[in-house]
Amino acid sequence: MGHGKQIRILLLNEMEKLEKTLFRLEQGFELQFRLGPTLQGKTVTVHTNYPYPGETFNREKFRSLEWENPSEREDDSDKYCKLNLEQAGSFQYYFLRGNEKSGGGYVVVDPVLRVGTDNHVLPLDCVTLQTFLAKCLGPLDEWESRLRVAKESGYNMIHFTPLQTLGQSRSCYSLADQLELNPDFSRPNKKCTWNDVGQLVEKLKKEWNILCITDVVYNHTATNSKWIQKHPESAYNLVNSPHLKPAWVLDRALWHLSCDVAEGKYQEKGVPALIENDHQMNCIRKIVWEDIFPKIRLWEFFQVDVSKAVEQFRGLLTQGNRKITKPDPKEHLKIIQDPEYRRLGCTVDMNIALATFIPNDNGPAAIDECCNWFQKRIEELNSEKHQLINCHQEQAVNCLLGNVFYERLAGHGPKLGPVTRRYPLVTRYFTFPFEETTVSTEESMIHLPNKACFLMAHNGWVMGDDPLRNFAEPGSDVYLRRELICWGDSVKLRYGNKPEDCPYLWAHMKKYTEITATYFQGVRLDNCHSTPLHVAEYMLDAARKLQPNLYIVAELFTGSEDLDNIFVTRLGISSLIREAMSAHNSHEEGRLVYRYGGEPVGSFVQPCLRPLMPAIAHALFMDITHDNECPIVHRSAYDALPSSMIVSMACCASGSTKGYDELVPHQISVVSEERFYTKWNPGASPSDTGDVNLQSGIIAARRAINKLHQELGAKGFIQVYVDQVDEDIVAVTRHSPSIHQSVVAVSRTAFRNPKTSFYSKEVPQMCIPGKIEEVVLEARTIERNTKPYKKDENSINGMPDVTAEIREHIQLNESKIVKQAGVATKGPNEYIQEIEFENLSPGSVIVFRVSLDPHAQVAVGILRNHLTQFSPHFKSGSLSADSSDPILKIPFASIASKLTLAELNQILYRCESEEQEDGGGCYNIPNWSSLKYAGLQGLMSVLAEIRPKNDLGHPFCDNLRCGDWMIDYVSNRLISRSGAIAEVGRWLQAMFFYLKQIPRYLIPCYFDAVLIGAYTTLLDTAWKQMSGFVQNGSTFVKHLSLGSVQLCGVGKYTSLPLLSPSLTDVPYRLNEITKEKEQCCVTLAAGLPHFSSGIFRCWGRDTFIALRGMLLITGRYLEARNIILAFAGTLRHGLIPNLLGEGTYARYNCRDAVWWWLQCIQDYCKVVPNGLDILKCPVSRMYPTDDSVPLSAGTVEQPLFEVIQEAMQRHMQGIQFRERNAGPQIDRNMKDEGFNVTAGVDEETGFVYGGNRFNCGTWMDKMGESDRARNRGIPATPRDGSAVEIVGLSKSTIRWLLELSKKNIFPYHEVTVKRDGKVVTVSYDEWNRKIQDNFEKLFYVSEDPSDFNEKNPNLVHKRGIYKDSYGASSPWCDYQLRPNFTIAMVVAPELFTTEKAWKALQVAEKKLLGPLGMKTLDPDDMIYCGVYDNALDNDNYNLAKGFNYHQGPEWLWPIGYFLRAKLYFSKLMGPETNAKTIFLVKNVLSRHYVHLERSPWKGLPELTNENGQYCPFSCETQAWSIGTVLETLYDL
């Protein structure tokens, strides 16, 4: 939780394109790019256009970022490159894998807004904006008196519609000149300039603390703009967009129809000028189909002139020397569109025609026949075009009639009355600045460039269109199909793809943008969804150069969050306008509040360093926008107050439109409204139409609401809860997670008019948790006795007879809305106030400020105070207390520092069966499941899942809120133990004392904070006791090394045989029952949960395969020594037991454990400082002879080197015995012969061999158990003969002993055995040489089929590999491809020729390497099966009862050896191969890292099913899996 800088991590994954994902960050944040699992180990470079510090932003200029690797380790888990974000805007990043682009996206950095003379920050969530139609403000010298209304109403941002000269329609958004200030703002004697506007804006910012933003309109210009006549290329005209010609012809025909209808010419055909019913609509449809379409023949623009084409074809056929260039046989004859769109101007490809229609000979009859075929085909093609145009015409008629219906018949439409030239039947789509004539005469203009360039397309919008497609470009038929809802006062602008495509337009609009950015602090992108993205990007880049913290708002009507995100991320939009008017009821309005901001109340504290999560766009939530219908008409005047309250409680920016607060009962039209806004006049009376003050409308309430909104945003009330009390009442809570104060606003909406609709008098009671400090505001919409509303001619006046009666900052007992408030206690520390309302009439609001009960407030303050030792985040709201438990005065880190790693095992881990030995168990969460561990990791694994998602509804959180059971379990479990562990328990108990005193809804959040602080401190304590490799290692190394804490522990019963009493540094403890001192050495569990306790915890083979990684590499040398010596004491028959059973129940049925033990002694001597001393350590022999009874510790002692020599000697002599107690009592499946154990050394080859076909003495030890499948008592993988890894391990030991004996460190140079009654000695040198000389000869499967060393060429099915064994009783088993040879490569690389080894490793990689483990058998083998199911009992011999345990499933531990072998031999293969191998290793290990991070067990499993699929029968965390992966990281 540590340091305070906010860092976000963006994980890069291969081919992940995140252009539609919004990542929002703030200035001052650090953004780190890290490699996801798919990219680790690969060469990746990250490029971004975020500029170097001090440089200006250039969208096209990318730079690559430098990688940092803090732990300087070879794995990539911590490697990152970073950006310190100090600049607002949208920035792109992409990354290359090698030289290929592999993914990318955008990050948006929010602007920092500042106001006032002191330039203080205005957080985005504090914005309260009001929209003004600029033309209604009057002359500039009167603006202050009109804008003062916004100031007095508590707004801190004003949005002006464009201030430029308006077009002739007088619409606020149809601009005649983008560079000129609207002349209406000047007086006859004083011309206003942009500078004057700038001064006013600056005054508002400095003196009124109000920021100003205005619109930029990039899509269109007014039809009467003078500059567009000089630069017609800036519009879509019939010269640069000839594809619009057919649409233009249709548009003119409809205009003439409209004029004829207006003049009554269609009266007798059933269409009068005043259209009033459906019959007349049907008559229009008939006229268009019968009179218009046949006359204008639109299809001809898309057809071929048949006779002309046939003549041309005939001419080509009759040319004697015609050359046909053979076209693509897939190419068929099709119409090629005439680019100029002339009637019958289209063509076909004559080459294709000549290749398609070939005459039989050159005679005239054949040529005629050929021409007829060609003509027929052309006519067919023309007919297809006719049909297509028919479809377009059908849509055009439907759209036309839809438009007529809306404008003249619909109840909610404008009801335009009779058709006239001013109000035509349908809006024109194109400008026509010429004298009107007939349709046919006008049509001639479209081919005259000097006239056609002035025939320009109007702008508009298309319902449900793709906003990323420009509807005026070729390929779109919107104008022809009449799908455009057209703005007849504006011409659509045509930018092209880059400034060079239309230089004047780009330059003109850039200048317009720069004027805006010079004088205003922000912009609203008008019609953003139709603005070409590349244009908006270019313009906003220019604006940000002048105003780096430009606030950009936009309204998007894309209907999809993904599409919204494209605009937000590309343009760096700061806030998206969201409308409360879109809500059809109060429930939906409440949902929008929750959707647009804030986290849930009681949310978890997130760490400063955390993943960057996709966000939704920041909202500017408006109760009404200037485009919306009037809510008084739509809902009722009584709803203005409650809805504005609800909107204002959202944790985002909020806004409104001028006129809403004054209760103007109609929409203030952006086109037709010409009256002026009211002025501020404190002395005005309610009936004054030109002035307003706090008595007008809901202005007084609005002022209080805005003030509250700003306070909540500024003081960090970031948590939100929305409660739908009943169908009309919405309660919104905003909560501060640091001071735990809440503000609860209860609003009773009035979507239906209370005068005409029924509202119940009964209002439900409300329960508010905590103590109500005050009523911040109560307000009711009431009627007053003034004359009713009458629309004023000069001022935009509101309803004088409705107002809000408000009271602020009063005590609960003074409230007129609350009848009574009772106090109920829910729990010992939880006050609930029950509120009964009496006057919460429709249109009322009441806002409570609520604190925690004082007792709880103190408890939370003390908790926060003690949490500051873990994170500065808790400083705010903290209280120091002297009376707290003395243990809390000690920093937790110093309590933790006294713990040993064995004690940390008890505090952090321990699975169910380990805990049961002590009479406990893991905590069970009702209706969910038990935790994986009894220790803190069990809780942390669940919290790690819940915390980032804030999943407060999880059963875990529910359990915490419902009672103290889990809390008590955590502390009591530790207190019941002794010493330093109990201290930790007492510290937790003291913290939990305060935790239990806070409201239940806050408990999950603070429980998590306490645990995470303790947990991270305990992990640090663990790492401090480990090796430098771990301490300086990467996150992956550190987390993997915790496996050593997880699996190494001391149980209630000592599992290890006792060590020699003469060893002085053995750990002891007091036995709780006998009260005697006893040894308590750590043992290594093979795996959790299956091999964790009792006699099944310790296994010789597992222990020594895992020991180097788990104990030596992590620096736990004493524990490693004790385990080596304890097992040494159990040597019998020259073997180390597999199942240890405390030594007394040991089974000596494995041939490999002794060699793994010997390898570990070698590793110990090499890794540990003064490691060779272990050879002289005393070993207490439990069985000095094969037949002795178990002796107690200290009876017979020998130095370790003698025990080693005994093991070597016994193998050379030959081992043969029958297991004690042979029979079903020790193995219910084994056949009788299987209990006979043999091992020895081949005199010729020096190879260790052993076993028979009824037992399995290596790690692949599955014994058949199914009677049904008849495999009971048969080993699946006997691997008798000489198993490859045993040969490798024995070679490693012999080589090492030889080296030691040469230095006289090991006193023996040879082994002495009896052969045929004679004493024979074999030197280690000779034994070593024999193995060396024979290994490749006998184990390598040569790529040369005639190799004379190959005794069974008929059994070979893969060449260039190493056999799995030599001399097996079933010879074909020798030739199976398995991963075991890689073990020999690591421990005895000298046995292998580099090139052969490398090829064998490549085969293994191709055939055996899985996502996490190695396939245990070649998938090409006929008995391969990769899915292990131990519960399955069927007739399948190879599968039943998990018989395929080692016949395909992917085991993890061999992957460590495979990767280490690859690393070793790749170095010998050369630097290029080595570099590629390091990439492979990192990439494979990254998958282990991901598994480790995601696993609730925080470990690596024993095995997976094929292709890395989860295997439910596997241990969830396995010692040797973790150990060998750690060894690989160590080798890196």
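Every value quoted in this text rests on a predicted model; they were computed, and no experiment measured them.
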Taking [Y]'s backbone N and O only, do any of them form a donor-acceptor pair with [X]'s side chain (distance below 3.5 Å, no angle check)?
{"X": "Ser1055", "Y": "Glu1142", "result": "no"}
{"X": "Asn1328", "Y": "Ile1294", "result": "no"}
{"X": "Thr1277", "Y": "Met1260", "result": "yes"}
{"X": "Gln1213", "Y": "Lys1314", "result": "yes"}
{"X": "Asp918", "Y": "Gly920", "result": "no"}
{"X": "Gln1518", "Y": "Pro1501", "result": "no"}
{"X": "Trp1451", "Y": "Tyr1445", "result": "yes"}
{"X": "Asn1252", "Y": "Glu1233", "result": "yes"}
{"X": "Asn1122", "Y": "Glu1119", "result": "no"}

Any ion pair linking [Y] and [X] (charged N to carboxylate O, less than 4.0 Å)?
{"X": "Glu1299", "Y": "Lys1302", "result": "no"}
{"X": "Arg1220", "Y": "Asp1187", "result": "yes"}
{"X": "Glu1078", "Y": "Lys1052", "result": "no"}
{"X": "Arg1460", "Y": "Glu1527", "result": "yes"}
{"X": "Arg1181", "Y": "Glu1202", "result": "no"}
{"X": "Arg1097", "Y": "Glu914", "result": "yes"}
{"X": "Asp1232", "Y": "Arg1218", "result": "yes"}

Would a 4.5 Å heavy-atom cut-off, applied to side chains only, mark [X] and [Y] as touching?
{"X": "His1446", "Y": "Asp1261", "answer": "yes"}
{"X": "Asp1102", "Y": "Phe1091", "answer": "no"}
{"X": "Ile1174", "Y": "Leu1125", "answer": "yes"}
{"X": "Pro1089", "Y": "Glu1516", "answer": "yes"}
{"X": "Leu1452", "Y": "Ile1522", "answer": "no"}
{"X": "Arg973", "Y": "Glu915", "answer": "yes"}
{"X": "Tyr1164", "Y": "Arg1121", "answer": "yes"}
{"X": "Leu1529", "Y": "Ile1113", "answer": "no"}

- Query: Between Tyr1324 and Phe1306, what is the ring plane arrangement, given parallel below 30°, perpendicular above 60°, and tilted in between?
  - Reply: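 Tilted.
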
- Determine the interplanar angle of the Phe1201 and Tyr1308 rings, folded into 0 to 90°, and report it as parallel if under 30°, tilted if 30 to 60°, perpendicular if over 60°.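 Correct class here is tilted.
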
If you round to the nearest 0.5 Å, how far is [atom2] of [Y] from [atom1] of [X]?
{"X": "Leu1139", "Y": "Tyr1148", "atom1": "CG", "atom2": "OH", "answer": "10.5 Å"}
{"X": "Arg1151", "Y": "Ser1290", "atom1": "CZ", "atom2": "OG", "answer": "12.0 Å"}
{"X": "Leu1118", "Y": "Cys1081", "atom1": "CG", "atom2": "SG", "answer": "7.5 Å"}
{"X": "Arg1295", "Y": "Leu1300", "atom1": "CZ", "atom2": "CG", "answer": "10.5 Å"}
{"X": "Leu988", "Y": "Leu936", "atom1": "CG", "atom2": "CG", "answer": "6.5 Å"}
{"X": "Ile975", "Y": "Arg986", "atom1": "CD1", "atom2": "CZ", "answer": "7.0 Å"}

- Step through it carefully: locate the ring centre of His1211, locate the ring centre of Trp1327, and say whether they are under 6.0 Å apart.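 Centroid separation for His1211 and Trp1327: 6.0 Å or greater.
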
Atom of [X], atom of [Y] and distance for their closest heavy-atom approach:
{"X": "Leu1063", "Y": "Cys1177", "result": "CD2-SG, 4.4 Å"}
{"X": "Cys922", "Y": "Leu931", "result": "CB-O, 3.4 Å"}
{"X": "Thr1130", "Y": "Pro1057", "result": "CG2-CG, 3.5 Å"}
{"X": "Leu1047", "Y": "Gly1087", "result": "CD2-CA, 4.2 Å"}
{"X": "Ala896", "Y": "Thr1021", "result": "O-CG2, 3.1 Å"}
{"X": "Val1045", "Y": "Ala1022", "result": "CG2-CB, 4.3 Å"}

For [X] and [Y], which I'm curious about, is there any donor-acceptor pair between the side chains at under 3.5 Å?
{"X": "Ser1180", "Y": "Glu1197", "value": "yes"}
{"X": "Glu912", "Y": "Ser930", "value": "no"}
{"X": "Ser1292", "Y": "Gln1162", "value": "yes"}
{"X": "Thr1114", "Y": "Ser1041", "value": "no"}
{"X": "Arg1279", "Y": "Thr1258", "value": "yes"}
{"X": "Ser941", "Y": "Gln937", "value": "yes"}

- Query: side chain to side chain contact (heavy atoms under 4.5 Å, CB included) with Pro1190: which residues, sequence neighbours excluded?
  - Reply: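 Only Thr1144, Met1182, Tyr1183 meet the side chain to side chain contact (heavy atoms under 4.5 Å, CB included) criterion with Pro1190.
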
- Task: For side-chain contact (heavy atoms from CB on, under 4.5 Å), just list the numbers for Met1230 and Phe1235, CA-CA rounded to whole Å, side-chain angles, deciding distance to a tenth of an Å, and then say yes or no.
- Result: CA-CA 7 Å; Met1230 180 95 79; Phe1235 293 108; 3.5 Å; yes

- Item | Residues Leu1140, Leu1056; criterion side-chain contact (heavy atoms from CB on, under 4.5 Å); working and verdict | CA-CA 8 Å; Leu1140 177 61; Leu1056 278 187; 3.9 Å; yes

- Item | Greater than 12 external heavy atoms within 6.0 Å of Tyr1068's OH |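 Buried by this count: over 12 neighbours within 6.0 Å.
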
- Check side-chain hydrogen bond (donor to acceptor under 3.5 Å, both in side chains) between Gln1209 and all other residues, then give those that pass, not counting sequence neighbours.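 Partners of Gln1209 by the side-chain hydrogen bond (donor to acceptor under 3.5 Å, both in side chains) criterion, ordered by chain and then number, come out as Gln1205.
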
- Knowing that exactly one of Asn1138, Asp1152, Asn1380 qualifies, which makes a side chain to side chain donor-acceptor pair (under 3.5 Å) with Trp1259?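 The residue from Asn1138, Asp1152, Asn1380 that satisfies side chain to side chain donor-acceptor pair (under 3.5 Å) with Trp1259 turns out to be Asn1380.
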
- Message: Test side-chain hydrogen bond (donor to acceptor under 3.5 Å, both in side chains) on Thr1517 and Gln1046; report intermediate values, then the result.
- Response: CA-CA 9 Å; Thr1517 176; Gln1046 183 188 91; 2.7 Å; yes

- Message: Walk me through whether Leu1042 and Trp1023 qualify under side-chain contact (heavy atoms from CB on, under 4.5 Å).
- Response: CA-CA 8 Å; Leu1042 292 171; Trp1023 292 322; 3.6 Å; yes

- Message: With ring-ring contact (aromatic ring centres under 6.0 Å, His included) as the test, pick out the partner of Phe1127 among Phe1104, Trp1156, Trp1157.
- Response: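 It is Phe1104; the other options fail the test.
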
- Message: With side-chain contact (heavy atoms from CB on, under 4.5 Å) as the criterion, how do Ile1136 and Leu1158 come out once you've worked through the C-alpha distance, each side chain's angles and the decisive distance to 0.1 Å?
- Response: CA-CA 10 Å; Ile1136 287 289; Leu1158 287 162; over 6 Å; no

